[in-house]
There are 2 protein chains.
Amino acid sequence: MAGTHNEGGAAPVGEAGYGGPQVCKLIGISYRQLDYWARTGLLRPSVADARGSGTKRLYSYRDLLELKVIKQLLDAGISLQSARRAVDCLRQDLGADLPSAKLVLTEGRSVLAQTNGEVVDLLAGGQGVFNIVPLSGVVDELDAAIVELGGSRGQEPALGWPAAAGAGRERSREGSSRG
Amino acid sequence: MAGTHNEGGAAPVGEAGYGGPQVCKLIGISYRQLDYWARTGLLRPSVADARGSGTKRLYSYRDLLELKVIKQLLDAGISLQSARRAVDCLRQDLGADLPSAKLVLTEGRSVLAQTNGEVVDLLAGGQGVFNIVPLSGVVDELDAAIVELGGSRGQEPALGWPAAAGAGRERSREGSSRG
DNA sequence: CCGCGTAACTACCCTCGTGTGACTTCCTCG
DNA sequence: CGAGGAAGTCACACGAGGGTAGTTACGCGG
């Protein structure tokens, strides 16, 4: 279905990235929300941002991950401001093995815990509230959504990247020059 | 200011409870916040609510605990709506040993975990975001605040709750010990 | 006994963040 | 060059309070 044009499903056009409306379907947010986040600087598309009314925003898979985390946090009743800190933390650990990690947010500090032991350790020593995001679920749901929307394309939805710990996974296409 | 009132510190007058401004100091919120919460029904004083402009709201120690939990959640960037659910959960487990428990909130479900094992178990099976509130810290901080504001009275920081609820639950609530 | 002062609660209006809808503009593809 | 879709813009809504003035219940002094 929708196999006529290459924009019919959720798969990125070649290597370009994911367009705005596609991202909305994949993440499960409204377009206005995505637009708002992009305009307020919470998360701007890393492949290509808009340069006018007629252009397209292009999001990378990494962007999708961050968006999904933000949505999870919002669903859990956490404010955008806190979600922003969470994404910040996510960006610092670029090489982490995300599917096996948990994002642990406390007041003033946010860390990526790679094992359950770390989480328990943090829990034992902390006083405030903990917000814990198991990233496995995030990656899983996102992947499932990608497959569901455009899986029949025979195009890999960008999941072969857990070997990114210290490795250069520089397959991003920064070719589009701004005007 | 003519020293007309006897409540110089934080200790409740006899069995009355804690007044509004006192609660603000104890919990660390603004009066407007407390007022807003009372008006919107998030947490109304259980000893005596206001019946006009000249009357006083009187909060019980249990109210203070719930307020403190709410404030912790707010500090962690959690919305009032979610905090409302947390307090709801707290009210269901009236007889629980709060200082040793942790409040675990997930999307759609909120439970009181009495042991760390329960928390780990919940973490292992869940997908969404977890908000974990160690109540030991809550009780501890609240107790310290009460002692600090009214400590010179040599009075018990917390008094027995009024039997307004009708149920006589004599738990050992003395918050000096924590798990 | 009654007014006064003050402490508390209340009402009203405003702000800020976080969106949402409607409508416009304008780029890109064919 | 025309059609269509995507970003932009403006107005508005709603939650969560802040500020301030008004209103009422006390207690006290005259």
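Values below: every heavy atom of this structure, side chains too, minus hydrogens, waters and symmetry copies. Labels below follow one simple rule: chain letters A, B, ... track the order of the sequence lines, proteins then strands, and each chain is numbered from 1.
Position along DNA chain C of the nearest nucleotide to A:R84 versus A:G54 favours A:R84 as the more 5'-ward residue. Along DNA chain C, the nucleotide closest to A:S53 and the one closest to A:L80 are compared, and the more 5′ of them pairs with A:L80.
Picking from C:dT28, D:dA6, D:dA25 the nucleotide with the shortest atom distance to the side chain of A:Y31 gives D:dA6. Considering only side-chain atoms of B:K56, the nucleotide from C:dA8, D:dA7, C:dG19 that sits closest is C:dA8. The A:A50 side chain lies nearest to D:dG8 when the options are C:dG19, C:dC9, D:dG8. Ranking D:dG18, D:dA6, C:dT20 by closeness to the A:Q33 side chain, first place goes to C:dT20. The side chain of B:S30 lies closest to D:dG18 when the candidates are D:dG18, D:dA7, C:dT18. When distances are taken from the side chain of B:Q81 to each of C:dT20, C:dA8, D:dA16, the shortest belongs to D:dA16.
Here B:R39 lies out of heavy-atom contact (under 4.0 Å) with every strand. Within the nucleic acid shown, A:L74 comes within 4.0 Å of sugar-phosphate atoms alone, with no base atom in reach, counting heavy atoms only.
Of all heavy-atom pairs between A:L90 and A:L135, the closest is CD1-CD1, 3.9 Å. The shortest heavy-atom contact between A:L112 and A:A96 is CD1-CB, 3.8 Å. For the residue pair B:I29 and B:K71, the shortest heavy atom distance occurs at CG2-CD, 3.7 Å.
In this structure, the CZ atom of B:R32 is 9 Å from the C1' atom of C:dT10, given to the nearest Å. Atom NZ of B:K25 is separated from atom C1' of C:dA7 by 11 Å (rounded to the nearest Å). At whole-Å resolution of the value, CD1 in A:I29 and C1' in C:dT18 are 13 Å apart. Between the CG atom of A:D75 and the C1' atom of C:dT18 there is a distance of 15 Å, given to the nearest Å. Rounded to whole Å, atom C1' of C:dC26 lies 12 Å from atom CZ of A:R51. Residue B:L34 contributes atom CG, which lies 11 Å from atom P of C:dT10 at whole-angstrom precision. D:dG22 atom P lies 18 Å from atom CG of B:D35, rounded to whole Å. Rounded to whole Å, atom P of D:dA6 lies 9 Å from atom CD of A:Q22.
The closest donor-acceptor contact from the side chain of A:D63 to the backbone of A:S60 lies under 3.5 Å.
Using a 4.0 Å cut-off, some side-chain N or O of B:Y36 falls inside it from OP1 or OP2 of D:dA16. OP1 and OP2 of D:dG5 both lie 4.0 Å or more from every side-chain N or O belonging to A:R57. At least one side-chain nitrogen or oxygen of A:W37 sits closer than 4.0 Å to the OP1 or OP2 atom of C:dG19.
A 6.0 Å sphere centred on CZ of A:R84 holds more than 12 heavy atoms belonging to other residues, nucleotides or ligands.
Both B:I146 and B:V23 sit in one connected hydrophobic cluster of ILVMFWY residues. Membership requires side-chain heavy atoms under 4.5 Å apart, directly or through other members.
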